[in-house]
Amino acid sequence: MKNAKHYVLFVALLLSNLSLLAQNPEPSFFIVETMKATPGKEAEYLKAEREVWKRIHQERIKLGLITSWSLYAVRMPSGTDRPYDYVTVTVVQGWKKLENPYGNLLASDVEKLLTKEQLAIANETGKLRNLTQSNVFYGVDFVAADPKATTFAKYQMINFMKVKDEKAEEYYNMETKLVKPMHVEMMKTGGRSAWGLYSRVLGGEGQPFNYVTSDFYNKWEDMAVASDFQKILAKVHPGMTSKAYEKKIFDARSMVSQELWELLDSAR
């Protein structure tokens with residue numbers, strides 16, 4: 001009950017403060033599904049996503065059910081004990097579409113979209129990969145170096161955060177008022193192409209993380225672009241020391257882990 005009340009209050013805070021939501025009253029939700037490819041079936045799985053399921057997602061976009069769909073490979077960390085190798089992200093607008101992201105798309109409609117071979121592949125997808133987890137994230141905030149960009153960034157550095165319930169507002173203010181302006185200024189010198197903040201819908205104390213930030217990059221080498229941190233800090237937050245800046249960040253959250261995703265395919 002405590003978590004449920006906290007979530008309602010936090011969403012109310014977001015709805016009253018985010019200019020993004022003022023422009024678009026329908027909030028963005030991100031359905032994130034993690035996949036572990038069946039050993040020896042990785043190429044078949046990717047073919048199923050790119051040549052079969054992508055066609056279905058394109059139809060969902062055409063029908064206005066979803067906004068976009070993306071397929072990512074997890075590049076880091078790596079190793080045989082990694083819990084998942086691939087991630088799909090489906091974006092929907094509003095609670096109503098989140099409730100039923102496939103709408104009235106029937107099996108008969110799918111049959112018309114696909115050849116018999118593709119339909120057979122769709123029906124066998126469960127044997128090609130294991131869907132390890134499905135989560136929904138609420139789009140809290142986002143800023144891009146080029147707001148008119150029409151393509152997805154090639155890479156995303158995903159930062160998983162654990163925030164205590166009583167620090168939710170402090171964390172929100174830290175990310176949006178302290179850190180976000182720094183990201184905006186850093187984007188002017190190149191490197192990062194966008195930054196986003198997302199909250200996990202439904203969680204609880206037992207979950208390893210409840211918020212995610214994402215740093216977007218168009219090219220691999222962009223991740224190595226360095227900015228003059230002290231100069232930017234002095235411009236964005238005059239009088240604040242780097243020690244004070246870092247303390248506000250560390251006091252508001254714990255970074256649990258990071259992952260590097262590479263975009264393989266998308267539809268929008």
Side-chain angles (χ1 to χ4, degrees), residues 26 28-76 78-137 139 149-156 158 196 198 201 212 214 216-220 259-268:
E26 290 282 21
S28 295
F29 292 97
F30 300 75
I31 303 171
V32 179
E33 297 179 310
T34 57
M35 318 287 182
K36 187 68 175 178
T38 302
K41 300 284 186 179
E42 190 168 338
E44 292 178 65
Y45 163 66
L46 290 176
K47 180 178 180 180
E49 288 283 17
R50 286 170 151 164
E51 298 182 12
V52 179
W53 285 102
K54 181 178 178 178
R55 294 194 64 181
I56 296 173
H57 300 318
Q58 287 172 326
E59 182 67 14
R60 295 166 72 196
I61 293 170
K62 180 180 177 181
L63 295 172
L65 300 172
I66 65 175
T67 302
S68 66
W69 167 87
S70 306
L71 170 66
Y72 295 90
V74 180
R75 292 305 183 207
M76 297 180 187
S78 59
T80 56
D81 63 344
R82 184 170 60 191
Y84 49 89
D85 311 303
Y86 299 96
V87 180
T88 60
V89 179
T90 304
V91 183
V92 300
Q93 295 293 134
W95 285 97
K96 186 175 182 180
K97 292 179 181 178
L98 177 63
E99 180 184 13
N100 184 17
Y102 277 87
N104 295 320
L105 191 63
L106 304 174
S108 57
D109 298 318
V110 174
E111 290 176 359
K112 295 176 183 178
L113 290 173
L114 306 177
T115 65
K116 289 184 178 180
E117 179 185 359
Q118 290 172 332
L119 188 60
I121 292 173
N123 291 330
E124 294 293 311
T125 302
K127 297 179 180 180
L128 305 178
R129 56 93 176 114
N130 179 32
L131 173 58
T132 61
Q133 205 171 62
S134 180
N135 285 295
V136 176
F137 292 85
T150 58
T151 57
F152 291 108
K154 181 66 174 177
Y155 298 97
Q156 285 194 53
I158 310 295
Y198 313 88
V201 177
V212 166
S214 183
F216 297 77
Y217 302 90
N218 290 326
K219 296 179 293 184
W220 181 271
E259 292 179 359
L260 178 61
W261 297 357
E262 180 182 0
L263 181 67
L264 300 183
D265 210 338
S266 64
R268 63 186 304 177

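Because only heavy atoms are used, hydrogens play no part in the values below, and waters and symmetry mates are left out as well, while side chains stay in.
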Requested in this report: Check the angle between the aromatic planes of Tyr102 and His57 and answer parallel, tilted or perpendicular using the 30° and 60° thresholds.
Outcome: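 Aromatic pair Tyr102/His57 classed tilted.
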Query raised in the report: Once the angle between the rings of Phe30 and Tyr198 is folded into 0 to 90°, is it parallel (under 30°), tilted (30 to 60°) or perpendicular (over 60°)?
Result: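 Judged by the thresholds at 30° and 60°, the geometry between Phe30 and Tyr198 is perpendicular.
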Is [X] reaching over with its side chain to a backbone N or O of [Y], donor-acceptor style, under 3.5 angstrom?
X      : Y      : value
Gln118 : Thr115 : yes
Lys97  : Gly64  : yes
Arg82  : Val74  : yes
Lys36  : Arg129 : no
Ser214 : Gln156 : no
Gln93  : Glu26  : yes

Query raised in the report: Does the side chain of Tyr86 come within less than 4.5 Å of Leu46's, by heavy atoms?
Result: yes
**Report entry** Note, Glu49 side chain near Asp265 side chain (heavy atom, < 4.5 Å)
**Finding:**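 Sidechains of Asp265 and Glu49: no contact.
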Salt bridge (charged side-chain N to carboxylate O under 4.0 Å, His left out) involving [X] - partner list, sequence neighbours excluded:
X      : value
Lys219 : none
Arg55  : none
Arg268 : none

In Å and rounded to the nearest 0.5 Å, what is the [atom1] to [atom2] distance from [X] to [Y]?
X      : Y      : atom1 : atom2 : answer
Met35  : Thr125 : CE    : OG1   : 9.5 Å
Ser68  : Arg60  : OG    : CZ    : 10.5 Å
Thr67  : Phe29  : OG1   : CZ    : 11.5 Å
Leu128 : Ile121 : CG    : CD1   : 8.5 Å

Query raised in the report: Pick from Thr90, Val91, Asn135: which one makes a side-chain contact (heavy atoms from CB on, under 4.5 Å) with Ile31?
Result: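 Of the listed residues Thr90, Val91, Asn135, the side-chain contact (heavy atoms from CB on, under 4.5 Å) partner of Ile31 is Thr90.
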Query raised in the report: Hey, are Tyr84 and Gln133 close enough side-chain-wise for a donor-acceptor pair under 3.5 Å?
Result: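 Absent: no donor and acceptor within the cut-off.
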Query raised in the report: Does Asn104 CG have over 12 foreign heavy atoms under 6.0 Å away?
Result: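 For Asn104, atom CG is not crowded (no more than 12 foreign heavy atoms under 6.0 Å).
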Report task. Carefully, step by step, assess Asp85 and Tyr45 under the rule side chain to side chain contact (heavy atoms under 4.5 Å, CB included). Result -> CA-CA 11 Å; Asp85 311 303; Tyr45 163 66; over 6 Å; no
Query raised in the report: Is the shortest side-chain N to carboxylate O distance from Lys154 to Glu262 below 4.0 Å?
Result: yes
